Asks: 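The following block contains the structure, expressed as C-alpha cells.
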Amino acid sequence: MDKYVIKGGCRLTGEVNISGAKNAAVAILPAVILSDSPCRIENIPDISDVKTLTYILKEMGARVEYLDLHTVEIDPRPIMTDIVSAEIARRIRASYYFIGALLGRCRNAVVPLPGGCNFGVRPIDQHLKGFVALGCDYSLDNGMISVSAKNDLHGANIYLDVVTVGATMNIMLAAVKARGLTVIENAAREPHIVDLANFLNTMGADIRGAGTDTIKIHGVQRLRGVTYSIIPDQIEAGTYMVAAAATGGDVVVKNVTPKHLESISAKLVEMGVTIEEGDDTVRVLCERPLRKCNVKTMPHPGFPTDMQPQITTLLSVAKGTSMVNESVWENNRFKYVDELRRMGAQITVDGKVAIVEGADRLKGAPVRALDLRAGAAMVIAGLVAEGTTQVEDVQYIERGYENIVEKLVELGADIYRMEEPERTLDKIG
Ligand code: EPU
C-alpha cells in the first residue's frame with residue numbers, strides 16, 4: 001500500500017486552489033443519465049471516487065470523454081441497461097445514487113449495496129422509504145438491491161426520519177421525472193444538495209426549496225443535456241484551513257464559497273485563528289498557541305461531520321481541554337483517535353464524545369488512514385508533529401483529495417508519496 005512520508009514542523013504559507021466538491025460530483029455524475037442528450041461537467045475533481053463513477057458510466061454504455069483533467073463530457077444515450085455491476089460499484093458509497101437516477105430514467109434499478117468509508121452502520125432505509133412512497137417495490141438478492149416502479153413513479157409526501165444527505169439526493173433523482181408533486185420534509189440542506197438541484201433545474205427540472213428543509217419537486221417529462229460547473233469542495237477547503245492553522249501558517253484558500261465555510265471559520269476564530277474572507281477566498285492566519293473549544297457535528301449549516309477528525313487533531317495541540325461531540329455518525333467515526341494517540345495525542349472517547357487534552361506537541365509515528373477524513377487528519381497530525389510520520393493506506397485519502405501531496409508541497413510542507421508497485425484504483429481509468 002502507498003504511503004505519505006511527512007517531516008513535521010514546516011509552516012504552511014502561500015495559496016492553495018480548491019477542487020470541485022466530491023460529494024456534489026458523486027451525485028451529479030449518476031444524475032447525467034437522466035438527460036436525453038450529452039452533458040458537459042466542469043470543475044470535476046480529479047479523485048478516485050470520480051474515476052470509479054466515470055468507469056461505471058462507461059461500463060453501462062455511456063460515452064465518457066475527458067476534455068481536460070477537470071472537464072468531462074458524458075453522452076448517456078447509448079446506455080441500454082438498468083444494472084450497475086457489483087465489482088467496481090461496491091467500492092464506493094455514492095454508487096447508490098444510480099438507484100434514484102435509474103428509477104428516474106427507466107423505472108427500474110439493480111445496484112450493489114453501497115460500500116465506501118467504513119465508520120459504523122450506514123443504513124439506506126430512508127432512501128428505500130422514499131422510493132416506496134414514489135411507488136416502488138424493492139428486494140435484496142446476493143448483495144444487489146433491485147428497485148422497480150411497476151406502475152410508474154408518482155409524486156408523494158416524504159418525511160425523512162433522520163436528516164440524510166444521501167436519501168435527500170436519491171429521492172430527488174427519482175422524483176424529478178415522476179408524475180406530479182413530491183415534497184421531501186426534513187430534507188438535508190448541504191451545499192451539494194443545492195448543487196444537485198441547480199444541475200437538475202438547469203437540465204429542465206422543477207425543484208424548489210433545495211437548501212431548506214422542505215424540497216418540492218414537480219416531475220417533468222424530459223431533461224436535456226447542459227454544461228454545468230460543480231461548486232468548490234467545502235471539506236477540502238476546511239481541511240486546508242485546519243492544516244494552515246495547525247502549522248501556525250498563513251494560507252489563502254482559493255476558489256471557495258466562504259458562506260459554506262462559516263461553521264468551520266467560526267470554530268477556528270474561537271480557537272484564536274484569524275480568518276479574512278474575500279469573494280471566493282479565505283485567508284487563514286495563525287499564531288500558536290491555539291485555544292481550546294467545543295465542537296458538535298451537525299447537519300448543514302452545523303459543523304460538518306466530515307471535518308470532525310481534522311478539527312479534533314487541531315484541538316489535540318491547542319491549550320486546554322476540548323470536547324468533540326459526533327452527532328451525525330456513531331462513535332465509530334472516532335476510530336482514528338487510536339492512531340492519533342500513537343503520536344502522543346491525549347484523547348479519550350466516551351460514546352459519541354471525545355475529550356481532547358491539548359498536548360504541547362505530537363510526535364511522528366507510523367499511522368494508518370482509516371478512512372478519507374481520518375486520513376486527512378493523520379496528514380495534518382504529521383505536519384505538526386516532531387519528526388517523521390508515515391501515513392499508510394493513502395488510497396482512502398485519494399478517494400476525495402485531489403493532489404494533496406502536490407498542494408501541500410506548494411504550501412511548503414515536507415511530504416512525499418512513497419509508491420508501492422501494485423495499485424488498483426488507478427487502473428480504473
Ligand atoms: N441514515 C439513516 N438512514 C438512511 C440514511 C442515513 O439512518 O437511510 C443516517 C446515517 O446512519 C447517519 C446519518 O443518517 O447517521 C447521516 O447520513 P447521510 O445519509 O447524510 O450520509 P451519506 O449520504 O451516506 C454523505 C457523505 C458523507 C458525509 C455524510 C454526512 C457522500 C457520498 N457521502 O453520506 O461524506 O459524512 O453525507 O454529511 O455524499 C466523506 O465525504 O468523507 C463522507 C463520508
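Whatever order the structure lists them in is the order used to number ligands and atoms, beginning at 1. The analysis underlying the following values was restricted to heavy atoms, covering all of them including side chains, and did not include hydrogens, waters or symmetry mates. The model shown is predicted, which means the values in this text are computed figures rather than measured ones.
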Asks: Within a strict 4.5 Å, meaning less than it, do heavy atoms of the E410 and K407 side chains meet?
Replies: no

Asks: Between A167, G130, P123, G302, which one has a non-hydrogen atom sitting closest to atom 2 (C) of ligand 1?
Replies: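 The residue whose heavy atom sits nearest atom 2 (C) of ligand 1 is P123.
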
Asks: I want to check something: taking the side chain as every heavy atom from C-beta on, are V183 and Y159 in contact at a cut-off of under 4.5 Å?
Replies: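 No, every pair of side-chain atoms sits at 4.5 Å or beyond.
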
Asks: Just jot down the ligand 1 atoms closer than 4.0 angstrom to any heavy atom of V328, in number order.
Replies: 12 (C), 13 (C), 15 (O), 16 (C)

Asks: Minimum heavy-atom separation for A174 and L153, please, with both atom names.
Replies: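 Looking at all heavy atoms of both residues, the closest pair is O-CD1, 3.4 Å.
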
Asks: Taking 4.0 angstrom as the limit and counting only heavy atoms of T305, give me the atoms of ligand 1 inside it, by number and element.
Replies: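 Answer for ligand 1: 30 (C), 36 (O), 38 (O).
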
Asks: Show the numbers, then the answer: is there a side-chain hydrogen bond (donor to acceptor under 3.5 Å, both in side chains) between E42 and T227?
Replies: CA-CA 7 Å; E42 300 171 344; T227 296; 5.3 Å; no

Asks: Checking the N or O distance criterion of under 3.5 Å, is ligand 1 in contact with D125?
Replies: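 Min N/O separation from ligand 1 is below 3.5 Å for D125.
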
Asks: Consider ligand 1: state whether an atom of it lies below 4.0 angstrom from any non-hydrogen atom of Y396.
Replies: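 Distance cut 4.0 Å: Y396 fails for ligand 1.
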
Asks: Is any side-chain heavy atom of D141 less than 4.5 Å from a side-chain heavy atom of V110?
Replies: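 A side-chain contact under 4.5 Å is absent here.
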
Asks: Considering only heavy atoms, does V165 approach ligand 1 within less than 4.0 Å through its side chain, its backbone, both, or neither?
Replies: both

Asks: Is the closest heavy-atom distance from G400 to ligand 1 below 4.0 Å?
Replies: no

Asks: Number the atoms of ligand 1 from 1 as they appear, then name those within less than 4.0 Å of a heavy atom of K22, with their elements.
Replies: 40 (C), 41 (O)

Asks: Quick one: look at L372 and ligand 1, take heavy-atom pairs under 4.0 Å, and tell me if it's side chain, backbone, both or neither.
Replies: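 It is the side chain that touches ligand 1; the backbone stays farther off.
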
Asks: For Y96, counting its heavy atoms only, list the atoms of ligand 1 lying under 4.0 Å from any of them.
Replies: 22 (P), 23 (O), 24 (O)

Asks: Would E73 and R40 pass as an ion pair if we require N to O under 4.0 Å?
Replies: yes

Asks: Between D152 and R107 (salt bridge meaning N to carboxylate O under 4.0 Å), is one present in this structure?
Replies: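 Between R107 and D152 there is a salt bridge, with a charged N closer than 4.0 Å to a carboxylate O.
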
Asks: Are D306 and R333 close enough for a salt bridge, meaning some N to O gap below 4.0 Å?
Replies: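 Yes, charged N to carboxylate O under 4.0 Å.
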
Asks: On a heavy-atom basis, which atom in L268 and which in A245 lie closest, and how many Å separate them?
Replies: CD2-CB, 4.3 Å

Asks: Check each atom of ligand 1 against the heavy atoms of V162 and keep those under 4.0 Å away; list them by number with element.
Replies: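 Near V162, meaning under 4.0 Å from one of its heavy atoms, ligand 1 has 1 (N), 2 (C), 7 (O), 14 (O).
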
Asks: Has the side chain of K177 got a donor or acceptor atom that lies under 3.5 Å from a matching backbone atom of L34?
Replies: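 Looks like yes, one N/O pair under 3.5 Å.
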
Asks: With heavy atoms of G166 as the reference, note each atom of ligand 1 found under 4.0 Å away.
Replies: 19 (O), 23 (O)

Asks: Using a 4.0 Å cut-off to any heavy atom of I124, which atoms of ligand 1 qualify?
Replies: 4 (C), 8 (O)

Asks: If you measure every N or O of R373 against every N or O of ligand 1, does any of those distances drop under 3.5 Å?
Replies: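 The answer is yes, given that R373 and ligand 1 share an N or O pair closer than 3.5 Å.
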
Asks: Flag the pair D233 and K22 as a salt bridge only when some basic side-chain nitrogen lies within less than 4.0 angstrom of an acidic carboxylate oxygen.
Replies: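 No, this pair does not count.
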
Asks: For ligand 1, is there an atom lying under 4.0 Å from some heavy atom of Q308?
Replies: no

Asks: With a heavy-atom distance limit of 4.0 Å, tell me whether M169 approaches ligand 1 through its side chain, its backbone, both, or neither.
Replies: neither

Asks: Does ligand 1 have a heavy atom under 4.0 Å from the side chain of Q126, from its backbone, from both, or from neither?
Replies: both

